[in-house]
Amino acid sequence: RDEEGKGADRVLVVGTEGLYPPWNYTRPDGQLAGFEPDYVRILCARLHRRCRMVAMDWDGMVGALQTGKIDLIADSVQVTPERSQVLGFTRPYAMTTGVFVTLRDHRLAGMADKGAMMDFDRPGPALTAMTGRLKGSLAGKVIGVEISGAFDNFLNQTLGSGASIRYYHTMGERDLDLLNGRIDATLEDEAYMRPLLATRDGAALTMAGPRVIGGAMGGGEALAFRPGDTALRSAFDGAIAATIADGTVRRLGLKWFRMDASPAQAAAERKGAR
Amino acid sequence: MGGAAMNADVTFLADTALAIVRAVPVTLGLFVASAIGASLLGGGLVAALTAGLAPVRGIARGWIFLFRGTPLLLQIFMVYYGLAALGPVRQGPFWPAFRDPLFCAGLAMTCCCSAYIAEVLRGALAAIPAGQIEAALACGMGRVTRLRLIVLPQMLRLALPAYGNELVMMVKSTSLASTITVLDVTGVAQQVIAHSYRTLDVFCLAAGVYLGLTGALTALLRWAERRLDPTVSDGAGEGASR
Amino acid sequence: MSEQDLPAFALLGFGTDGWGRVLVLGAVLTLALSLASMTIGSVLGALLAWARGSRRGWLARLATAYGVIMRGVPELLVVLLLYFGAPGLMAAVAGLFGLPAPGSPPAFLTGSLAIGLVSAAYQAEVFRGGLLAVPKGQVEAALAAGMGPWLRFRRIVLPQVLHHVLPPLGNVWQFNLKDSALVAITGLAELMRVSLVAAGSTRRPFLFFAAAMVLYLALTSLSSAVFRRIEARGSQWAGRR
Amino acid sequence: MLRATGIEKSFGGRKVLKGIDLDAAKGEVISILGGSGSGKSTFLRCLNLLEMPDVGEISIAGTPAPLVRDRHGALRVSDARALGSMRARTAMVFQGFNLWSHMRVIDNVIAAPVHVHGMAREEAVERAHALLERVGMGGFAQHWPRQLSGGQQQRVAIARALATDPELMLFDEPTSALDPERVREVLDLMRSLAAEGRTMLVVTHEMAFARDVSTRVVHVREGRIESMGPPAQMFGPDASPAFRAFLSA
Amino acid sequence: MLRATGIEKSFGGRKVLKGIDLDAAKGEVISILGGSGSGKSTFLRCLNLLEMPDVGEISIAGTPAPLVRDRHGALRVSDARALGSMRARTAMVFQGFNLWSHMRVIDNVIAAPVHVHGMAREEAVERAHALLERVGMGGFAQHWPRQLSGGQQQRVAIARALATDPELMLFDEPTSALDPERVREVLDLMRSLAAEGRTMLVVTHEMAFARDVSTRVVHVREGRIESMGPPAQMFGPDASPAFRAFLSA
Ligand SMILES: Nc1ncnc2c1ncn2[C@@H]1O[C@H](COP(=O)(O)OP(=O)(O)OP(=O)(O)O)[C@@H](O)[C@H]1O
Ligand SMILES: Nc1ncnc2c1ncn2[C@@H]1O[C@H](COP(=O)(O)OP(=O)(O)OP(=O)(O)O)[C@@H](O)[C@H]1O
Ligand SMILES: [Mg+2]
Ligand SMILES: [Mg+2]
């Protein structure tokens, strides 16, 4: 208790799920590994804080934060307006696009606008046309998404009742149903999907249609604090900015996702797409 | 400002409550279907346990061992994801049924709870005084008559508290169906939580719904218990025995 | 990530890439949690069953209400309330006595207490059913011999009740064994949580769910063997049927 | 009517019946006397196979009991249906009464007629009331067994046994819980049943009954029939010494 | 030794005991006779409060039973401990025996001496064996109750009641399941207990016992003491007509 006492000497307890590779997962020896464990270590070192990462169920995580059992969440939480009401977010340390994934031999595999960037923060005729085509392709289809993700918001707003949406508790389950053919496609974060497609099971899957970003999908992945913990949060904000600027985030992304998931890269791509 | 926040709170809770209540039929349907299925199957299992054929007994024992011994959650996963991973199931004639998460949840619950109910019934069967069954034998009652007239009523009476337990547990177990995308009371609650992060408030609302359901069930069971044994209230001979 | 395409035996083994050790430790923790909560539940459950039969109306009503609520709300809620609510409550109580807030109780304690509180409600019902099965004449014989309540309970009622309640009590135990999985949200690495983590981390859900099933079955076999032994002792006097 | 040959039965190695042969012609009333634990109840229970004899043959009304020998030489029921109909034609009053505790008195009495013999419910109820009246339990039709005194339970058990009009009746100490007045009534009842030509086996300690009503008296001793004969002989000067000792006690 | 005054008891509105007064001096042996359902068992059960009387007073060995009247005027136990010790000094043989089915015969007999009276186990076992021998159950110490015949169970129940050396003994038809030989043995046993100066209340249908052993005979009829007196008077020409009718049955 002394060690975890007050002030700046206190060990910060960081909550994560630990079953969401490659963002964060657990090794057989119980060690947490993945993008976020690495990244939190780097941030804490920069801030000269001692941090301890603990794994817990997502169901208990926000409660644990609110009751002070943990001090921050590093679990690839996407920033959304709803979440911002109860959590205090830092600036994003990653910004990934959502991709549609389906079985290679599924009709949706040939969906229009393959690989094109749909940026919902930049409305215009191009976006409207793409949205129309997307709606057409997905009409009457079953799309699976992770329940606590931000993608269901997006799908609901964009597709309305055109497609039916299934909610999964973990991505692993959703992936299974995708492979089993219970759902036609999923919308998921590219950083998660790329490594999956490289595995044996993932070989049957393919990305299809446009890549989506912005709008209801939120403003990237960020650390979450108690709303009142502003001092701590701004310290981390600074550290995040610095690590983005010096390329640390880019390096980590290439290591874990085989791509650069930093907000800077996303910004560049979005600019290019226009 | 505080008033506005409170208003927002009230609207949120009211909306959530409404959404949750709309999901009650799913929960209730799942419960009723699997309760009936599990009771019938459980009765069958007890019959099999007392059967003369050793293989029949063995199968019943194995069934109970497997389904009582593993968590329902895992069973639901295995029925839903596991069976679907098998080619024959996916190509077979039952795929439309197995494709449906509600069906899979019902199937897993029926199998799992049948094992529990079989145990309860077995215990009650053993508690029936031997003389009562002998008297039935002695007047030539066949298996079915004996069962219907003597064994079942006494068994029911003896089993009712524990059987009621099982039913109440089943009501709540239906919530596990939400893990395979069924939008029952829990599924809806979790959806709301996923967006609002108000875990405790929303859970308490859902808990209220479950409490209502189980409360009604408990009342029903107590009524049944009183009906089955009207002399209990006479306090016959209980003068100082407590 | 290198784990992903490893063969099953390596993933389940006890080597550096194997989850065997973690899974077994998870099973041990599950067993410990269940034992603790079963004990809490038995003691409280027996008290509740007794209170239900009490002639003091308020006591009986209290016990009934406890049963209705604890059996009625999802176990997860009890775990959540205890896990998140207990520190606040303890701090408030400590505050009353002018003591510093004691901080969070260990997750194991809250977990087993939460499951135990629920288990008690179920066990009370089971005991009540068992009490019904004791022939009244035998209790009267004990009364007539001048046995006090405790003696009567220990020597006459309990042995017979135990015999009758063993099957349903076995059910509650199984239920406990699995309910302890709910404690996962507190981050305790019990079997369910460990297998979920392993399944997620390696993206091999079946393998680990199957492994968890086998481990649960092992726990079950172990406990059934114990239950059967106790039951066998009883069936001597009851006559085998 | 009844023929039992060479009935043997052991419990856990202790031989309780050591070969009992007994024939009963239609209309016979046989009193079975004997010391406590001599095997009377066990014998009676063997006759309708509530207890499976280790060895022996039984036939009732000319139909042999459906018994076969299994691989290990033990007897076992070969035809459950035949056994059921054999039992349906037999009635038994148990030593411990064994009333069904979840049924009211009236339901105890009508259960077998209605559900085994398919009698119409109204008829069964009517008959049951008459029977209850006859054993002095007319006012208790709606009582539960646990509300009855010992003697009352016993009388209900007798009424229950009579309700199916059985050809063969097995009574295990049917008057043990009764006062002299009731004993007389019940014995009168049994006497009238005997007059109707029914076959009865009665385990009893009532010497008066054995002497006055039965056509034959059987003395069981340590699992064997020690002696047997018409009452005049058994209670006369030529009785076996063992039976005389038993009586003179 | 025992004084019961104005005992009344109803079951569901039906009055079963309608005011019974009975005094028993130390060493008295009182036979209680009466028809089936007349309330004998209920009266006996009221004496040690297994059945709570509606009205009445009871005192045993000078100590009044710990009863008080509650708000509604119903009797209720005021002191459970006192009741326990009152019961510990009283023994009862039940009409239905009520052996503890989860205990072997020997454990049934030693349970009360060891656990209620704190007797050393060895001593209790030794005494138990002697008692079992005395009721002719010497060879059955290790049997389970369900393995015993009716008469054997009854004898174990008697041995169990005697094991605590009780001052007051309540017997509810203690020889109902026994053959004449055993009846004689048990009655001899009770006679010797009487000679030791023990107080006994015996519900019985054995007229021989009532006449030869008891110091007083009580005739219960429809919940009342119809007549009462020493056997010489009750079985003599001056007996009440009702009792004579009862006997002559
Ligand atoms: N628990 C009860 N509930 C209702 N009525 C009862 C109960 N116990 C006894 N009675 C009634 O009280 C009356 C007296 O019963 P009790 O057992 O005292 O008779 P008894 O004199 O012992 O008769 P028996 O010689 O047949 O044993 C009977 O009519 C019986 O039906
Ligand atoms: N289930 C059993 N297991 C073991 N022994 C038994 C069993 N049933 C009966 N016995 C024994 O068999 C013997 C005969 O019992 P049975 O009940 O036939 O005697 P009974 O002649 O009817 O005596 P009673 O007049 O006392 O009723 C007894 O010694 C008894 O201990
Ligand atoms: Mg017998
Ligand atoms: Mg009586």
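Here is how names work: the chains are called A, B, and so on, in the same order as the sequence lines, proteins then strands, and each is numbered from 1. These numbers come from a predicted model, not from an experiment.
- Annotation: salt bridge (charged side-chain N to carboxylate O under 4.0 Å, His left out) contacts involving residues 51-74 of chain D, sequence neighbours excluded, comprise D/Arg45-D/Glu51.
- The pair B/Glu119-B/Arg122 meets the salt-bridge criterion, since a charged nitrogen lies less than 4.0 angstrom from a carboxylate oxygen.
- Taking the side-chain hydrogen bond (donor to acceptor under 3.5 Å, both in side chains) definition, one finds that D/Gln95 meets it with D/Ser41, D/Glu173, sequence neighbours left out.
- Proximity to chain B is limited to the backbone of D/Leu99, based on heavy atoms less than 4.5 angstrom apart.
- Geometrically, D/Arg160 engages D/Trp100 in a cation-pi contact defined by less than 6.0 Å to the ring centre and at most 45° from the axis.
- Contacts between D/Met86 and chain B at a heavy-atom distance below 4.5 Å are absent for every atom of the residue.
- Neither the backbone nor the side chain of D/Arg81 comes within less than 4.5 Å of any heavy atom of chain B.
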